[in-house]
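Just so you know, these numbers come straight off a predicted model, no measurement behind them.
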Amino acid sequence: MSKILIIEDEPNIRELVKYNLEANGYEAVEAEDGNIGMTKIYTEKPDLVLLDIMLPKKDGYEICREMRSEGNNTPIIMLTAKTEEVDKVLGLEFGADDYIPKPFGVRELMARIKAVLRRYDISEAAAASEVSPIVNVDGLRIDFDRREVTLEGKNVDLTFKEFELLGFLAKNRGHVFTRDELLDKVWGIDYAGETRTVDVHIRYLRKKLGDNDERFIETIRGKGYRMR
Ligand code: CA
């Protein structure tokens, strides 16, 4: 059963959401201000956070930013009355997973929760699937303990980020990641660069791996990259 934390200062919204979550088979935990919310994120370890923006003590933006900068990737759906803030909320600056404008319908909220949880489960499964400290792909060998990469037995010299990027793709082989996702996962949520950064690193990686024909890293048009 997934546990959902509702951080919302309006008691009637909290109550309504809690009632519907429980009716849909979720466990619901409540917090009425930002400080209590932040504490419960760590004590309750929810699977998803419903986060209001305007909150006493600490607002939703701060909570979101704090979680991501601490490396907490729990999915967040922002409850927002300010639709103009959406870009900011979903962007790299805060890193929420989705938002729902107030006032919202309960059915729509439930659908969003379901979708975000499903998306999160898929990426978690992908991250957990290749835990071996050494990955071999068609003559390419990545040793995660030693941070060494060899191609047909020959050492390949990679920068720190190149190794991180290659390693991340290799650990999640077959899974397509968008440039934004790669920025998030490899550079971290606080990184203020643009998605072009990813393309540049991929280009260097390909050069070093002699990967002209996308033997290792495949470009998926309109989507992103994946390791074959
Ligand atoms: Ca509020």
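- Atom CG of residue Leu140 and atom CG of residue Leu209 lie 5.5 Å apart, to the nearest 0.5 angstrom.
- Inter-residue side-chain proximity for Leu151 and Phe216 is flagged as met; some heavy-atom pair is nearer than 4.5 Å.
- Here the closest heavy-atom approach between residue Gly37 and residue Ile7 is recorded as CA-CD1, 3.6 Å.
- Both Met110 and Ile4 sit in one connected hydrophobic cluster of ILVMFWY residues. Membership requires side-chain heavy atoms under 4.5 Å apart, directly or through other members.
- No donor-acceptor pair closer than 3.5 Å links the side chain of Asp143 to the backbone N or O of Ile134.
- Crowding of Lys3 atom NZ: a count of heavy atoms from other residues, nucleotides or ligands under 6.0 Å exceeding 12.
- Across every non-hydrogen atom of Pro75 and Asp47, the tightest pair is CD-O, 3.1 Å.
- When atom types are taken as modelled, the side chain of Arg112 and the backbone of Val116 share no donor-acceptor pair closer than 3.5 angstrom.
- Taken together through direct or relayed side-chain contacts under 4.5 Å among Ile, Leu, Val, Met, Phe, Trp and Tyr, Tyr99 and Leu48 form parts of separate hydrophobic clusters.
- Annotation: side chain of Arg226 is not in contact with side chain of Ile217 (no heavy-atom distance under 4.5 Å).
- Using modelled atom types, one side-chain atom of Arg215 and one backbone atom of Asp138 make a donor-acceptor pair closer than 3.5 Å.
- Defined by atom type and a distance below 3.5 Å, a donor-acceptor pair is missing between the side-chain atoms of Tyr61 and Glu66.
- Atom OH of Tyr19 is surrounded by 12 or fewer heavy atoms from other residues, nucleotides or ligands within 6.0 Å.
- A donor-acceptor distance shorter than 3.5 angstrom exists from the side chain of Arg228 to the backbone of Glu214, with no hydrogens or angles considered.
- Side-chain contact between Glu30 and Ile36: absent, with no pair of heavy atoms (C-beta onward) separated by less than 4.5 Å.
- Connection of Ile53 to Met38 is established within a shared hydrophobic cluster, with ILVMFWY side chains joined at heavy-atom distances below 4.5 Å, either directly or through further cluster members.
- If you chain together hydrophobic residues whose side chains sit under 4.5 Å apart, Ile100 and Met78 never meet in one group.
- At a threshold of 4.5 Å between non-hydrogen side-chain atoms, the residues Lys223 and Thr178 do not count as touching.
- Exactly one residue among Lys58, Arg14, Lys40, Lys57 makes a salt bridge (Lys or Arg N to Asp or Glu O under 4.0 Å) with Asp33. That residue is Lys57.
- Considering only heavy atoms from C-beta on, Ile113 comes within 4.5 Å of Leu50 through its side chain.
- Annotation: side chain of Met67 is in contact with side chain of Ile41 (closest heavy-atom distance under 4.5 Å).
- Side chains of Tyr225 and Asp199: a donor-acceptor N/O pair is present below 3.5 angstrom, by distance only.
- Shown here for Gly60 and Leu51, the closest heavy-atom pair between the two residues is O-CD2, 3.4 Å.
- Residues Phe104 and Ile13 are in side-chain contact: their nearest non-hydrogen atoms beyond the backbone lie under 4.5 Å apart.
- For Asn72 and Thr74, the side-chain atoms include at least one donor-acceptor pair closer than 3.5 Å.
- Residues Phe168 and Met227 have side chains not in contact (no heavy-atom distance under 4.5 Å, counting atoms from C-beta outward).
- The hydrophobic clustering, which links ILVMFWY residues whose side-chain heavy atoms are closer than 4.5 Å, places Leu166 and Phe177 together.
- Thr219 and Arg206 form a side-chain donor-acceptor contact under 3.5 Å, judged by distance and modelled atom types alone.
- Judged by the 6.0 Å and 45° rule, Lys171 forms a cation-pi pair with Phe144.
- The main-chain N or O of Thr159 is found under 3.5 Å from a side-chain atom of Glu162 such that the two form a donor-acceptor pair.
- Lys102 places no side-chain N or O within donor-acceptor distance of the main-chain N or O of Leu79, the cut-off being under 3.5 Å.
- Ring orientation note: the planes of His201 and Trp187 are nearly perpendicular, at an angle over 60° on the 30°/60° scale.
- From Leu55, atom CG reaches atom CD of Glu62 across 10.0 Å, with rounding to the nearest 0.5 Å.
- Closest non-hydrogen pair, Val135 versus Val137, comes out as CG1-CG2, 3.8 Å.
- Between Lys18 and Glu22 there is a salt bridge, since a side-chain N of the basic residue sits under 4.0 Å from a carboxylate O of the acidic one.
- The backbone N or O of Ile63 lies less than 3.5 Å from no partner atom in the side chain of Arg68, so there is not a single donor-acceptor pair.
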